[in-house]
Amino acid sequence: MNDNLHQLRCFGCGARIAGAEARPDFRCAVCGELFEVEYPGWSQRKGPDRPNPGALKWLWRERRSSSEALDHSGVWRFRELLPILDSLNNAVTLREGNTPLYHLPRASKTLGIDQLFAKHQGMNPTGSFKDTGMTAAMSVAKERGFEWVACASTGNTSAAMAAYAARAGLRSLVLIPEGKIAWGKLSQAMDYGSVTCQLKADFDGCLRLLTQIVNEAPIYLLNSVNPYRLEGQKTPAFEIAEAFDWNVPDHLIVPGGNLGNSSALGKGFRELHELGLVARQPRISVIQAAGANPLVRSFEISHGAALEPVEAHTRATAIRIGNPASWRKAARVIQETGGWCLDVTEAEIAIAKAEVGAEGLGCEPASAVTLAGLKKLCAQGAIEPGETVVLMLTGHTLKDADYTIDFHRGTLLTDEESVGREAEIEGLRRNAQVVEATPAAVLAAMKDRVG
Ligand code: F0G
């Protein structure tokens, strides 16, 4: 497909504008909603003129063995489905994507679901799914000639932006809530050379402030309100479909924070379906932390018709967001695909995270909401044993080592939070012990573990 023409369509009023006409805050001038990238050429091509699904699938697989850097990217490998650049020479890549899809044997057995997998987006260059979106939007920033890029973040977006800006030779500004992001993520922004401002505000406050700043200065906004981010973040949907030989799984379970990721994955599967590359779409369910659950409330009160913003509190700091920007898009994905929107408690998140660790994978707390949510869906009978389920693990376990250590030391959760789950938590804790430097003492420590 050489339809190198895209436009932006407002998700609220349907107004269409050219990509270069977007306002700096990516809000519609008519109704204030967000935009979605649209490729008019796709719907104009009918019958034999349609792209050949078999040829595309072959091409995408072949690229994996090419020697071109862009072909090694799990985003740009699928470039026919994200023709957002005038020139591919502007693409900024760290060879993101192509992340592993792991079977989860232990959880599979406990839950009685044979076909249970984790798509580990934490195995990206900066350790989170944000890299797939950042390669796309940073390339646009470079092509449009910006010198500065910026984001508000709970940590992972800033880590990804800082790295890709450094690769692109651009300068970057990070706004983060002071004391509310994991150290691993903060260290990345510093290491890759961003101007990092820790603000006395939460994520929602940081994003509000940044919106004012980009309206005053020539800075390219790289939060997921930027529709090009979602074009990159839709590509894991293509990888998942490819991994199942283009038979999509029955269920995809995604953590919900600012709700860009669930929106992007939904768009990815929708486009595969519209282009005839897959026969159906998976049910997409979004899981939030109980203390940061505006979309869950919205579904309870109005079935996703109006947002119910909250003041967010959760130790899963990545998803500590009370007023998510992309809630309308995510609500549509859940409604269209027949998915669910649930929340999980702090104890459920901590237990699920330890279980993902015990599979030999590990993930950050925000990613573990997917397994915690799956357990609830199974208990409610929403998922059948014979179905295929994919959990999106969004961040690497090393992003938030403090959380993991606190859990295993037994200092993470309060008594109130753990009530009723004490035995389960004890069974998962693996604290490090101080042991005398003798063979006998070390062997005794091993015996204790076996017993
Ligand atoms: N998981 C992780 C590890 C995240 O970092 C985020 C979001 C999410 C899930 C939720 O994704 O916002 O698209 O619904 N992190 C953002 C950040 C907000 O600034 O890094 P979402």
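Note that ligands are numbered from 1 as they come in the structure, with each ligand's atoms numbered from 1 the same way. The structure displayed is predicted, hence computed values, not measured ones.
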Salt-bridge test for [X] and [Y]: reply yes if a basic N is under 4.0 Å from a carboxylate O, no otherwise.
X    : Y    : result
D25  : R23  : yes
R270 : E274 : no
K376 : E348 : yes
R79  : D71  : yes
E147 : K142 : no

Exercise. Consider every N or O of K185 and every N or O of ligand 1, then say whether any pair is closer than 3.5 Å.
Key: no

Self-check item: Sub-3.5 Å N/O-N/O distance, N156 and ligand 1
Solution: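 Right, the criterion is met.
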
Distance filter under 4.0 Å to [X] heavy atoms, resulting ligand 1 atoms:
X    : value
G260 : 13 (O), 14 (O), 21 (P)
E364 : 3 (C)
T157 : 16 (C), 17 (C), 19 (O), 20 (O)
N258 : 12 (O), 14 (O), 21 (P)
S153 : 17 (C), 19 (O), 20 (O)
I319 : 8 (C), 9 (C), 10 (C)
A318 : 2 (C), 3 (C), 4 (C), 5 (O), 6 (C), 7 (C), 15 (N), 18 (C)

Quiz item: So, N293 versus D343: side-chain donor-acceptor pair below 3.5 Å or not?
Solution: yes

Quiz item: If we ignore angles and hydrogens, is there a donor and acceptor under 3.5 Å between the side chains of T99 and Q121?
Solution: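 Checked: T99/Q121 side chains pair up, N/O donor to acceptor below 3.5 Å.
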
Suppose we measure from [atom] to each protein heavy atom; which comes out shortest, and what is that distance?
atom                    : result
atom 11 (O) of ligand 1 : F129 CZ, 3.4 Å
atom 9 (C) of ligand 1  : T394 OG1, 3.6 Å
atom 7 (C) of ligand 1  : K130 NZ, 3.1 Å
atom 13 (O) of ligand 1 : N261 N, 2.8 Å

Quiz prompt | Close approach, I321 and ligand 1, non-hydrogen under 4.0 angstrom | solution =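 Distance cut 4.0 Å: I321 passes for ligand 1.
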
Quiz item: Of all the heavy atoms in G256, does at least one lie under 4.0 Å from an atom in ligand 1?
Solution: yes

Exercise. With sequence neighbours left out, write down each residue that passes salt bridge (Lys or Arg N to Asp or Glu O under 4.0 Å) with K119, or none if nothing qualifies.
Key: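 Listed in chain order: E239.
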
Practice problem: List the steps, then state whether side-chain hydrogen bond (donor to acceptor under 3.5 Å, both in side chains) holds for H6 with Y228. | Solution: CA-CA 11 Å; H6 74 276; Y228 300 108; 2.7 Å; yes

Quiz item: Among V286, T154, L295, L230, whose heavy atom sits nearest atom 18 (C) of ligand 1?
Solution: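 Looking at heavy atoms only, the winner is T154.
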
Quiz item: For residues 148-175, which residue pairs qualify under salt bridge (Lys or Arg N to Asp or Glu O under 4.0 Å), counting only residues two or more places apart or in two chains?
Solution: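 Non-adjacent pairs meeting salt bridge (Lys or Arg N to Asp or Glu O under 4.0 Å): zero.
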
